[in-house]
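In this text, all values refer to a predicted model and were calculated from it rather than measured experimentally. The figures here come from the full heavy-atom set of this structure, side chains too, leaving out hydrogens, waters and symmetry mates.
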Amino acid sequence: MSRSGYTLPVFACGAAVAALHWLRNHQGLTVAAIDLLEPAQIAEIPIEQVAGISANQALAITRSDPGDNLDLTKNTPVWAVVEFYAGEGEAVIIQGGEGIGKQLNDEGKAAIYGYAQRLLTENLQRLLAPIEKIKVTIILPEGRSLALRTSNSAFGVVEGLSLLGTTGISQPLSTPDQLSAFRADLEAKASQFTTLVFCIGENGLDLCHKLGINPAQMVKTANWLGPMLVAADLLGVKEILLFGYHGKLIKLAGGIFHTHHHLADGRREILTSHCSILGLPSPDIATIFQSSTAEAALKHLRILDQATGSNWVHQVYSSIAETIDIRTHEYISSHNDQGKALITCGSILFDRDRQILIKSKTGGILLEKLC
């Protein structure tokens with residue numbers, strides 16, 4: 001049985017609560033109790049160290065524990081500096097320090113997203129007197145180096161890690177136990193809706209929220225797209241919108257339905273094939289094939305469009321999106337007892353800035369229906 005842990009925002013919150021406790025009581029906590037909000041339960045976060053920096057400022061340290069999840073933040077130190085302040089402003093101000101990423105598409109704002117902001121604010125506000133105000137600075141001493149091993153830069157986050165997510169529970173996304181949990185979630189939602197949205201990860205879920213899609217129709221799949229599509233068909237789901245980052249979802253156009261990079265890649269080959277079929281000049285095809293990432297290939301196509309007035313981005317990604325729809329239907333049909341799936345599938349791909357890059361024809365229809 002796989003062991004679940006907590007997401008990075010929970011440890012940041014635990015450290016902040018411990019630092020505030022020091023300021024209020026001049027005593028260290030060994031364990032900080034955190035209301036996770038999502039789900040509605042209490043987490044006990046071990047605190048390694050608490051120290052007063054000044055009369056109005058304290059530092060607390062804990063370490064991330066994501067359970068059995070293959071997460072590079074496992075055991076990384078998480079610091080929180082809390083200080084009282086006077087003057088105008090919110091009761092709780094959350095700031096990103098060293099190791100917290102900066103959002104390039106939001107004027108360098110700290111990459112501390114909705115759930116993390118709410119988790120910290122609500123837990124800390126409960127501990128403040130009505131007239132008290134605090135500033136909280138979250139620091140990840142190893143964040144800058146760890147970020148080099150992530151795809152953060154593909155989503156416009158640089159110089160550190162994000163405090164991202166919609167829940168406090170960290171699940172091991174690559175284990176059979178997690179697939180069972182995803183299937184259970186799918187079964188519950190399929191009993192209520194015949195149209196669902198499949199999101200591989202948190203970026204897709206976050207963007208769906210912003211577009212106004214009902215959260216009860218969103219299903220997280222992680223890399224288990226194939227088994228989840230087959231399960232949806234068996235459960236009688238009629239329509240599925242595949243919603244994902246282009247560098248991940250593109251694999252489906254090549255018939256790759258388990259998208260973990262350890263199992264299969266093929267992104268540059270898929271991109272190159274579509275570029276070639278559509279008649280992209282040979283030197284540019286070579287550049288696409290030699291691109292280190294799908295994002296780099298997209299950037300080249302965008303530069304080419306800007307320089308020549310062409311429309312390669314739309315042509316190439318429209319072709320890929322329509323192919324994703326076809327291959328998805330074929331995949332489900334190949335696992336269907338009748339050999340023919342009745343389910344309708346559409347796809348939407350977004351870029352590093354969380355902006356929609358392309359919608360397949362069916363994907364556009366389903367998005368209008370869902371919004």
Report task. May I ask you to decide if Gly87's main-chain N or O and Lys133's side chain share a donor-acceptor pair within less than 3.5 Å? Result -> yes

Query raised in the report: Where the side chain of His21 meets the backbone of Gln27, is there a donor-acceptor pair that is under 3.5 Å apart?
Result: yes

Requested in this report: Please report the shortest heavy-atom distance between Ile348 and Gly363, naming the atom on each side.
Outcome: CD1-O, 3.9 Å

Report summary line: Heavy atoms of Ile324 and Leu242 approach each other most closely as CG2-CD1, 4.1 Å

Query raised in the report: Is there a donor-acceptor pair closer than 3.5 Å between any side-chain N or O of Asn56 and the backbone N or O of Tyr85?
Result: no

Query raised in the report: Taking Thr62 for the side chain and Pro46 for the main chain, is one N or O donor matched with an acceptor at less than 3.5 Å?
Result: yes

Query raised in the report: Taking all atoms of both residues into account, what is the closest heavy-atom pair of Val157 and Ala111, and its distance?
Result: CG1-CB, 3.9 Å

Query raised in the report: Charged N to carboxylate O below 4.0 Å: is that the case for Asp351 and Arg302?
Result: yes

Query raised in the report: Counting distance only, does the side-chain N/O of Ser145 pair as donor-acceptor with the main-chain N or O of Glu142 below 3.5 Å?
Result: yes

Query raised in the report: Under 3.5 Å, side chain of Ser319 to main-chain N/O of Gln315, donor-acceptor pair present?
Result: no

Query raised in the report: Above 12 or not: heavy atoms from other molecules or residues under 6.0 Å from CD of Gln192?
Result: yes

Query raised in the report: So Phe193 and Asn214, side-chain contact (heavy atoms from CB on, under 4.5 Å) or not? Walk me through it.
Result: CA-CA 11 Å; Phe193 302 97; Asn214 183 358; 3.6 Å; yes

Query - Steps toward side-chain hydrogen bond (donor to acceptor under 3.5 Å, both in side chains) verdict (Tyr245, Glu295) - result: CA-CA 10 Å; Tyr245 174 57; Glu295 197 64 41; 2.7 Å; yes

**Report entry** side-chain hydrogen bond (donor to acceptor under 3.5 Å, both in side chains) assessment of Ser360 paired with Thr362
**Finding:** CA-CA 5 Å; Ser360 70; Thr362 303; 5.0 Å; no

**Report entry** Over all atoms of both residues, closest heavy-atom pair of Thr195 and Lys369
**Finding:** OG1-NZ, 3.8 Å

Report task. Indicate the ring-plane relationship of His246 and Tyr317, choosing parallel, tilted or perpendicular according to the 30° and 60° boundaries. Result -> perpendicular

Query raised in the report: Taking atom NZ of Lys189 as the centre, does the number of heavy atoms from other residues, nucleotides or ligands within less than 6.0 Å exceed 12?
Result: yes

Query raised in the report: Short question: side chain of Glu368, backbone of Ile365 - any donor-acceptor pair under 3.5 Å?
Result: no

Query raised in the report: Is Lys361 paired with Asp325 through a side-chain N to carboxylate O contact shorter than 4.0 Å?
Result: no

Report task. Apply side-chain contact (heavy atoms from CB on, under 4.5 Å) to Arg118 and Glu38, showing your working. Result -> CA-CA 10 Å; Arg118 189 162 67 93; Glu38 300 290 344; 3.4 Å; yes

Query raised in the report: Between Leu234, Asp233, Leu342, which is the residue that forms a side chain to side chain contact (heavy atoms under 4.5 Å, CB included) with Ile332?
Result: Asp233

**Report entry** hydrophobic_cluster_shared for Ile45 and Ile169, side chain cutoff 4.5 Å
**Finding:** yes

Query raised in the report: Run the side-chain contact (heavy atoms from CB on, under 4.5 Å) check on Glu269 and Thr272 step by step: do they pass?
Result: CA-CA 5 Å; Glu269 289 82 1; Thr272 302; 5.7 Å; no

Report task. Test Phe182 against Val219 for side-chain contact (heavy atoms from CB on, under 4.5 Å), laying out the working first. Result -> CA-CA 8 Å; Phe182 286 158; Val219 178; 5.9 Å; no

Report task. Report, as yes or no, whether the 6.0 Å neighbourhood of atom CD on Glu90 holds more than 12 heavy atoms from other residues, nucleotides or ligands. Result -> no

Query raised in the report: With under 30° as parallel and over 60° as perpendicular, where do the rings of Tyr331 and His335 fit, or are they tilted in between?
Result: tilted

**Report entry** salt_bridge(Glu107, Lys102) N-O dist < 4.0 Å
**Finding:** no

Requested in this report: For Gly168 and Leu36, work out which heavy atoms get closest and say how close.
Outcome: CA-CD2, 4.4 Å

Query raised in the report: Take atom CD in Glu187; do more than 12 heavy atoms of anything else shown fall under 6.0 Å from it?
Result: no

Query raised in the report: Judged by atom type as modelled, is there a donor-acceptor pair below 3.5 Å linking the side chain of Arg24 to the main-chain atoms of Leu127?
Result: yes

